[in-house]
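To start, the structure under review is shown below, and the notes come after it.
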Amino acid sequence: MNYDFRKIEAKWQEYWAKNKTFKASNNSDKPKFYALSMFPYPSGAGLHVGHPLGYIATDIYSRYKRHKGFNVLHPMGYDSFGLPAEQYAIQTGQHPAITTENNINRYREQLDRLGFSFDWDREVRTSDPKYYKWTQWIFIQLFNSWYNKKSDKAEDIETLISTFEKEGNANVEAACDDDTPSFSATDWNNFSAKTKQELLLKYRLTYLADTEVNWCPALGTVLANDEIVNGVSERGGYPVIRKKMTQWSMRITAYAQRLLDGLDHIDWPQPLKDSQTNWIGRSEGASVKFRVMSEKLRVDNSELKTQNPSLEIEVFTTRPDTIFGVSFMTLAPEHDLVAKITTPEQKAAVEAYVEATAKRSERDRMADVKTVSGVFTGAYAEHPFTKEPIPIWIGDYVLASYGTGAVMAVPCGDQRDYDFAKHYNIDIPNIFEGVDISEEAFADKATTIIANSDFLNGLSYKEATKKAIAELEKIGQGKGKVNYRLRDAVFSRQRYWGEPFPVYYVDGMPQMIDVEHLPLELPEVEKYLPTETGEPPLGNATHWAWDAKNKKVVSNDLVTLSARLPDGQAVEGSDKGDGMLNQVQHDGIYPLELNTMPGWAGSSQYFNRYMDPRNNEAIFSKEAIDYWQDVDLYIGGSEHATGHLLYSRFWQHFMFDRGYVPKAEYAQKLINQGMITGESAFVNRIGFNITFEGDDVIFKNNIPVTSGFGALSFLSEDEKQSLRLLQEKYKFIKKHFLSEGVIHHFKKSNDENEVSLEIREKLTNFFTKDLGKEIEELGLKNKVRPVFVRIGNKYSFYKTHALVDFVNLKNELDVDAFKNWQTEYKDAEFIGEDDGTFKVSREIEKMSKSKYNVVNPDAICEEYGADSLRLYEMFLGPLEQSKPWNTAGITGVFSFLKKLWKLYAPYVDGSLSGVEAEPTAENLKTLHKTIKKVEEDIENFSFNTSVSTFMICVNELTAQKCTSKSILEPLAVLVSPYAPHIAEELWERLGHSGSIAEVPFPKFEGKYLVESSKEYPISFNGKMRFKLEFPTDMDSKAIEAAVLAHEKTQEQLQGRAPKKVIVVPGKIVNIVG
RNA sequence: GCCUUGGUGGCGGAAUUGGUAGACGCGCUGGAUUCAAAAUCCAGUGUCUUCGGACGUGUGGGUUCGAUUCCCACCCAAGGUACCA
C-alpha cells in the first residue's frame, strides 16, 4: 500500500479539529509551556514558503513538549490592522474590514493545510472590536499613570494629584516634560481645572505633545522618513514640509534604563539585544552650557540685544574631563542658533553650507568620514572656566537629531574633532600627560592623565570627570547627565484602519471614555483619504462625536461650540457659517479624537490576551495570567527588533508596575528565524541604441560606438522626424531578450571581438524584420539602413524579472508562457542558445510578490504533502540563518517519508505473520542513537540535523529489515513533532486508538550504545592515514605499543624514530615524527 | 564609518568541550528495471595525481602533538544603523 499523503493529511487534520486535540486548558496539574510565534499581518498575497518557517519550528517544539508531559499553549492570531488594507480601500472603495476578513480566511486555509497544533479557540484579531477594546483599555491605564522615579515604577495618577494638593511638585521626581514649571500646593489648589489637566498631561505616560512630522500638503498626509526622497515625496515627488502637529506620545523614555537592564535577564539573541541597547543609546557624561560672547555678535541684531543678552549653547559630552582641551565648537547646520549668531561677513558662506547640507541624507553624512567640511560662523563662545573665546563652527558631522545638536570639540581627544581642526588649522591643545598628539587624537580613557587643565591636572579620566562636573555645577554651567538616544514614541497615526482612541475633547483637553463604554468602534466613512481640510480620515465620519451624558457616539452636528480638538480645529458641522449653533442645546456633546493608533498598539499585549482571549470583563483573568505567567518560547523575525519587541517590553513593564502581570519581561526565550530567500529569474536585454547609416556614426574596430542625427542631410525634415520617432520606438532593444549564454559573451568581452560581432549580426537580423518593415513603409528602404550603436563605451544590460514558475531546473525559460504572461511581452523576440533553448540568469533575493519569485506552500502540499514541506523547511539549514529556497531538493525528504512508510509495511497492510520479532541489539542501537540525537537537537533548536538523523535511522532500520514493534512504536513518536500526519497514521496502524500527540517521548537508554571496540584513527602530525581497531578498555600504553608495532606505522615513518606519540583513549592516536 | 551575522564540494548544509573535514540530502555520472518515460533500486561523485600519494574549510600569520573550531590582522557578502559627542 502506497503512502497516500493526501488522504492521510486530510484525515488527521479533520481529526485534530473535531477532537480539539490541541485545546489548552487554563488549569492543569501538568507543568505549563507557552510557545508563541509572531502573529502575521494577513496580506492579500497569501502565505509563501518563507512564512511558515518559524511556525513549523514553534510547532515542533510545542508537540515535543506535549510528548514530554507539558500543558502546552500554542495560539495563533492576526495582526489585522494595517496600511495595505487601507491603501486597497483607497483604491477600490472596499471596506478594509472586508478585505481583511477575506485575507484571514485565505491565511487560515493555508495554515490548516500545514498541520499546526494551534489552539484555534484562542485566535485573536487586533482589528476585532472585542480585542481592541483592551488595547483602548491599556491606553487609558497609561493615561491614568505617571512614572515615579523615587519608587522607580509607574503609579496611579491619583497619587500624584494628592501629592500636588499637599505639597505641590517640588519634591516630586517624575518622568515628565522638560518644560514642567514648579508650583506649590497653594498654586495647585488655585489652578483652574483646565490648567490642572494641562499640567497633568506633562506627567501622564501617554500625553499630547506638539511633534514635528513630515507633512505633504499635496498628498494631504504625513510621510515616514523612508517615503521621502531628496526632500520630496517618493510617490509623486511632491514637496514635504516639517509641520508641528498635536499628537499622542508614549513616555517610553521613563523606562529607558529598565528596558536596558531587563535585557540581562532574558534569553534573547545577542544581536537583537545589541540592537535594542543601541536604540536606547545610553551614554554618561555631562551637559555643559557655553555662553555666546555677545560683544562679537552682529551689532544690529536687535533681537539678541533685547531678548537674549546671554545666549547659550548647550552641549552634551561624555568627556567632561577634557573640557580644557576645547578649542572650538561645532553646531549642526540645522541648529536654531546658527542664523542668530552668524556674523554678516560669514553669512553667505554659512547659508550656502546649510543649503548644501539639507540636500545630504543623514545616512550619507554619517557614512562619509573621509571628507571634512564645515564653515566658521564668525561667532565665539566663552569657555566656562578660562573665559577664553572659542570659535563656533558649523559642520555636517554633527547631527541635529542627537543630543542638543552641538558639540564641544576637543581635537586632542576625539579623532573627528582632530581631523576637523587639522583641516581648518584650528589650535589643538594637548591636555594629556606624556601623550604625543602630533599624528592623531588620543581617545583611550583607561590610560588618560589630564594635564594643562588647571584644577584637573594629574587626574585620571574618572577623577577628572567627577571633578569637572562638580566645578561646572558650582558655577551653574553644567551638570552630570545620563543621555539616552531613545525618544518618546509618537502614538498617533493619520489613518483610518487602526484602533480609535477612546478620547473626546472638552475645550481642547482630552477626556477618556469610561471603560464600561468600550470598545469605541471605528466609524464608517465615505472615503478613506484625509479630509479636504487636512484632517485624518476619521474627519470624514459624520457620526463621530461623544455624547457624554448618554455615553454614546452621536452625529457631529450636535457638537458644542466650545468643543475643540487640541490643535484648535473645530469638528465639521460645529460652528461653520453663521456660528449660530445653539450651545446650550447641545451641551455635553464633544468631538472625538480623529487619529488612530499605530501598528504596534495591537501587538504589544497580544501574548497576554491569548491566555484568556474571550474574557469580556477584563483583558485576562487573574487565574489565567497567574497560571501561564509568561511566554516560554517566542519565535519570530529579527526585523521587529526595535519596533514591536521594544514597545511590547515597555507595555509589559508598565503592566507589571500596575500589578496586572506577574512578570516584567514577557518572553523568557526568543529566537529569530532566518529569512527564506527566493531564487529570482531574470530575462536580459542589452542596451543598444539604433541609428541610421548615413548618419554621423563613428566606427571603432568595425563597431559603431557613438551616434548623432545630423548627417542625413539628403532627407526631408518630415522623413527625419519619422526616423526620430522610429529611433525612440526602438530605443534599446526593448522586446528582444537575450539568453544567458548570449549575454555571457557580451559580459566576457566588453571590448569588441568576434563573438560579439556574430551576436550583433543575429541582433541585426531580428531588427530588420520589424524595423525594416517600418522603414519600408516610410518609403526609405533604399535611403537608410539601421545600425546598432552601443551606448557609451561599455555594454549596458537590463534585466527583467520573469515568474519563476516559467523556469525549469536547468534555468530554461518556457518562452510561450512568458509571452502570454503580460501583454507587453506578447510579441517579444528571443535570441536563444545554440541548442534552441532560452536561459535565464538567477539571483538570490528576498522572496516577494513583486520579484515574481514566491513559492506557494499550497502547491508544495498538493504535490508532496505537508509533512514533506515541514521536514524540508527544517532540513534546509539552521533555523536562525537565511537560506535560499530550492523546490527541487524536496524530493529527498519526500522519498524519506516513503521509506519510512515502507518500514512499517507489515503493520500498514497487515501482512505481519506469526509472532512479532524481538528487537536485535543492532535495532536497539539505531533507535537509541536516534532518540539521543533528536532530543538534543530539539532542545538546541537544531531541527535541520534531526531530519538527517531520521534519514540515517530509517536507512539503517531498512537495511536491518527491522519489523519489531518495540522499535517502530517509539520511532513514530520521535517523528511525530516533525511529520505529525504520517506519525498519527502509523501509530493507528500499529494498533493504537486516539492521537499520538500526548504519548510520552521515548526514553534514551545508554546501555544500548555501549561498544566493545573502537576504530582508532591513526594520524601522523595531525593527518589521519589509516585506522586500527582496539578494544575500548585497552589502555593508552598498550595502544601505543600496538600502533608502533604495526607495519603501516613503520611504512609511514620510513625509518624515522617517532618524537612523540599522543594517545587519547576513545578518540585518536597521533604520532609526531 | 560603526554594529551584527556569515564565508566549508556544482548546490543546501554536517562536524556537540580543539581530535577521522565534507554526515544527510539535492544535483551529476554509470548501471539495473521499462517499448519508453516517471518512479524505484545498485555503484560512484572535494581537487590534483607520476596512482606512491599530495593538497584542501575566504586570505595571511600565530598558539597546539593536532585548528573549520582558539588568538591577531585583513578581504568579501548580507542585514542593521545614530559620525551619538
Side-chain angles (χ1 to χ4, degrees), chain A residues 2 269-275 277-279 281-283 285 288 315-319 322 329-330 362-363 365-370 395-399 401-410 413-417 419 483-485 638-639 641-642 672 674-675 677 679 809-810 844 846 871-872 875-878 880-896 898-899 902 933 936-937 940 942 944-953 955 1015-1027 1051 1058-1064 1066-1073:
Chain A
N2 284 335
Q270 195 54 43
L272 196 152
K273 287 187 183 181
D274 290 347
S275 133
T277 303
N278 292 336
W279 194 260
R282 181 185 206 273
S283 48
V288 185
V315 301
F316 173 75
T317 175
T318 52
R319 296 295 304 272
T322 62
M329 307 194 66
T330 316
E362 280 208 355
R363 174 65 45 78
R365 283 164 66 177
M366 166 186 95
D368 181 12
V369 289
K370 289 181 187 102
D396 67 4
Y397 76 98
V398 178
L399 299 180
S401 58
Y402 181 77
T404 59
V407 182
M408 62 172 223
V410 183
D414 182 290
Q415 194 57 45
R416 286 185 325 267
D417 295 345
D419 294 340
N483 200 43
Y484 296 96
R485 175 201 175 266
S638 60
E639 67 271 24
T642 49
N672 288 130
M675 191 170 51
T677 48
E679 220 187 345
L809 295 175
K810 289 175 183 162
I844 303 288
K846 192 175 167 178
L871 281 172
Y872 189 53
F875 187 62
L876 278 179
E880 302 91 330
Q881 267 172 40
S882 86
K883 51 234 160 209
W885 179 267
N886 176 10
T887 303
I890 201 171
T891 55
V893 293
F894 185 53
S895 50
F896 156 73
K898 285 190 282 190
K899 281 185 210 162
K902 236 183 240 168
K933 176 81 174 130
E936 282 169 4
D937 283 346
N940 293 320
S942 172
N944 54 326
T945 49
S946 36
V947 179
S948 306
T949 306
F950 288 137
M951 289 173 171
I952 295 167
C953 175
N955 288 345
E1015 195 178 39
Y1016 279 86
I1018 313 299
S1019 47
F1020 292 80
N1021 299 318
K1023 288 267 170 202
M1024 200 276 289
R1025 296 303 175 200
F1026 57 89
K1027 291 174 188 169
E1051 202 177 291
K1059 285 185 195 134
K1060 202 172 178 183
V1061 179
I1062 286 122
V1063 178
V1064 184
K1067 290 252 164 159
I1068 199 170
V1069 178
N1070 190 21
I1071 298 161
V1072 189

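For A:Lys1067, the side-chain contact (heavy atoms from CB on, under 4.5 Å) partners at least two apart in sequence or on another chain are A:Val1064. Take A:Asn483 and apply the side-chain contact (heavy atoms from CB on, under 4.5 Å) test, not counting sequence neighbours, and it matches A:Ser283, A:Phe316, A:Tyr402, A:Lys481. In this structure, the side chain to side chain donor-acceptor pair (under 3.5 Å) partners of A:Arg319, at least two apart in sequence or on a different chain, are A:Asp321. Listed by chain and residue number, A:Lys932 satisfy the salt bridge (Lys or Arg N to Asp or Glu O under 4.0 Å) test with A:Glu936 (two or more places apart in sequence, or in another chain). Considering only residues two or more places apart in sequence or on other chains, A:Arg282 meets the side-chain contact (heavy atoms from CB on, under 4.5 Å) condition with A:Gln257, A:Leu260, A:Glu284, A:Val482, A:Tyr484. Judged as a salt bridge (Lys or Arg N to Asp or Glu O under 4.0 Å), and not counting sequence neighbours, the contacts of A:Lys933 are A:Asp937. With sequence neighbours left out, A:Asp414 forms a side chain to side chain donor-acceptor pair (under 3.5 Å) with no residue at all. Residues passing the side-chain contact (heavy atoms from CB on, under 4.5 Å) test with A:Pro878, sequence neighbours excluded: A:Glu880, A:Gln881, A:Asn944. A:Asn940 is linked by a side chain to side chain donor-acceptor pair (under 3.5 Å) to nothing, counting only residues two or more places apart in sequence or in another chain.
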Got a list of protein N/O to nucleotides 18-22 of chain B N/O distances below 3.5 Å?
unit_1 : atom_1 : unit_2    : atom_2 : d
B:U20  : O2     : A:Lys1027 : NZ     : 2.9

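When heavy atoms are screened at a 4.0 angstrom cut-off, A:Asn944 is found touching the sugar-phosphate backbone but no base atom.
Atoms CH2 (A:Trp885) and P (B:G25) sit 18 Å apart, rounded to a whole Å. Taking atom CG of A:Asn886 as the reference point, atom P of B:C11 lies 12 Å away to the nearest angstrom. Rounded to whole Å, atom C1' of B:C2 lies 11 Å from atom CZ of A:Arg416. Atom P of nucleotide B:U4 and atom CE of A:Met675 are separated by 20 Å, given to the nearest angstrom. As rounded to whole Å, 11 Å separates atom P of B:U16 from atom CD of A:Glu936. Between A:Glu880 atom CD and B:G79 atom P there is a gap of 19 Å when expressed in whole angstrom units. The nearest whole Å value for the distance from the OH atom in A:Tyr484 to the P atom in B:A85 is 14 Å. Across the protein-nucleic acid pair, A:Leu876 atom CG and B:G12 atom C1' stand 7 Å apart, rounded to whole Å.
You'll find that the side chain of A:Trp279 is closest to B:U81, out of B:U81, B:G6, B:C26. Each of B:C24, B:G6, B:A54 was ranked by its minimum atom distance to the side chain of A:Phe875; first place goes to B:C24. Picking from B:C24, B:A54, B:U81 the nucleotide with the shortest atom distance to the side chain of A:Met951 gives B:C24. Of the candidates B:C24, B:A14, B:G12, the closest approach to any side-chain atom of A:Thr945 belongs to B:A14. Closest contact between the side chain of A:Asp274 and the listed nucleotides B:C3, B:G12, B:G6 involves B:C3. The A:Val1072 side chain lies nearest to B:C65 when the options are B:C65, B:U4, B:A23. Proximity note for A:Ile952 (side chain, C-beta onward) versus B:A85, B:U81, B:C24: the nearest is B:C24.
Where RNA chain B pairs in unbroken runs of 3 or more (Watson-Crick or G-U, both distances under 3.5 Å), the stems are B:1-7 with B:75-81, B:10-12 with B:24-26, B:27-32 with B:40-45, B:46-48 with B:53-55, B:58-62 with B:70-74.
No donor-acceptor contact under 3.5 angstrom links the side chains of A:Asn886 and A:Tyr872, judged on distance only.
The separation of B:G18 from B:U68, taken at their C1' atoms, amounts to 11 Å, rounded to a whole angstrom. When the P atom is used for both B:G6 and B:A15, the distance is 13 Å, rounded to whole Å.
Against the 90° criterion about 0, the sugar-base torsion of B:G52 places it in the syn range.
The residue among A:Pro271 and A:Ile890 whose nearest nucleotide of RNA chain B is located toward the 5' end is A:Pro271. Mapping A:Ser942 and A:Asn483 onto RNA chain B by nearest heavy atom places A:Ser942 closer to the 5' end of the strand.
OP1 or OP2 of B:G25 sits under 4.0 Å from a side-chain N or O of A:Asn955. Considering only side-chain N and O atoms, A:Lys1060 lies under 4.0 angstrom from the phosphate OP1 or OP2 of B:C65.
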Review point. What string of B, S and - do you get for nucleotides 36-44 of chain B, 5' to 3', if B is base contact, S is sugar-phosphate-only contact and - is no contact with any protein heavy atom under 4.0 Å?
Key: ---SSS---
